[in-house]
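Along the sequence shown, residues carry numbers from 1.
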Amino acid sequence: MTAPIPFSAPSAHPYSPAVVAGNLAFVSGALSVDLEGQAVKGRTEALDAAIARMTERLATVGGALSDVVKLTYYVTDVSLRADANAQFERLFAEPRPARTFLEVSGLPYGATVEIDAIAAIPSV
């Protein structure tokens with residue numbers, strides 16, 4: 001029997017963590033889970049975990065948080081919007097990326113937040 005693949009490993013899923021087309025990076029949805037795939041508890045903690053997982057995926061194609069031009073937040077509780085706004089103001093300088101924020105009925109692994117992104121990577 002082989003050892004299980006860590007949750008954060010790209011080969012743990014049938015899709016690419018991020019794909020580059022031209023100078024744009026399209027980042028697959030990143031859940032509010034820890035590196036073992038366990039859902040992160042707490043409102044801001046879950047938002048920060050999803051951003052951390054998304055940033056890790058973006059880094060696989062040479063991108064950084066400062067390259068992000070569009071994010072989509074999927075949340076299981078729309079009341080997270082105020083917390084997400086505070087996170088956005090903390091993480092991004094003006095002009096901030098465009099953003100879509102929507103509530104969904106559920107997310108994999110019991111996560112409460114999923115974030116995908118588009119980034120413009122000048123060096124690609």
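With sequence neighbours left out, Arg96 forms a salt bridge (charged side-chain N to carboxylate O under 4.0 Å, His left out) with Glu94. Under the salt bridge (charged side-chain N to carboxylate O under 4.0 Å, His left out) criterion, Asp67 pairs with no residue at all, not counting sequence neighbours. Partners of Val69 under the side chain to side chain contact (heavy atoms under 4.5 Å, CB included) rule, at least two apart in sequence or in another chain, are Ile118, Ala120. Residues forming a side chain to side chain contact (heavy atoms under 4.5 Å, CB included) with Ala98 (at least two apart in sequence, or on another chain): Lys70. Residues that satisfy the side chain to side chain contact (heavy atoms under 4.5 Å, CB included) test with Ala117, not counting sequence neighbours, are Val27, Met54, Val68, Leu71. Shown here are the side chain to side chain contact (heavy atoms under 4.5 Å, CB included) partners of Ser32, two or more places apart in sequence or in another chain: Ala46, Ala49, Ala50, Ala111, Thr112, Val113. Applying the salt bridge (charged side-chain N to carboxylate O under 4.0 Å, His left out) criterion to Asp83, with sequence neighbours excluded, gives Arg43. Residues meeting the ring pair (Phe, Tyr, Trp, His ring centres under 6.0 Å) test with Phe92, sequence neighbours left out: Phe88. Among residues two or more places apart in sequence or in another chain, the ring pair (Phe, Tyr, Trp, His ring centres under 6.0 Å) test is passed with Tyr74 by none.
Across all non-hydrogen atoms, the minimal contact from Phe26 to Ala21 is CE1-CB, 4.1 Å. Nearest heavy atom pair, residue Gly110 against residue Ala39, reads O-CB, 3.5 Å. Nearest heavy atom pair, residue Val61 against residue Ala18, reads CG1-O, 3.6 Å.
Looking only at side-chain heavy atoms (C-beta outward), Leu102 and Thr72 come within less than 4.5 Å of each other. Under the 4.5 Å side-chain criterion, counting only non-hydrogen atoms from C-beta, Arg90 is not in contact with Thr44. A 4.5 Å side-chain heavy-atom check between Leu65 and Leu58 finds every atom pair outside the cut-off.
No donor-acceptor pair closer than 3.5 Å links the side chain of Glu114 to the backbone N or O of Leu107.
Distance check: Ser79 OG to Glu103 CD gives 8.0 Å after rounding to the nearest 0.5 Å. Note that CG of Leu31 is 12.0 Å distant from CD of Gln38, once rounded to the nearest 0.5 Å. Rounded to the nearest 0.5 angstrom, Ser28 OG and Ile115 CD1 are separated by 13.5 Å.
Residues Val104 and Val40 do not share a hydrophobic cluster, defined by chaining ILVMFWY side chains whose heavy atoms lie under 4.5 Å apart. By the rule that hydrophobic residues join a cluster once side-chain heavy atoms approach within less than 4.5 Å of another member, Val78 and Leu80 end up as members of one cluster.
Screening Gln87, Arg81, Arg99 for a side chain to side chain donor-acceptor pair (under 3.5 Å) involving Tyr73 leaves a single residue, Gln87.
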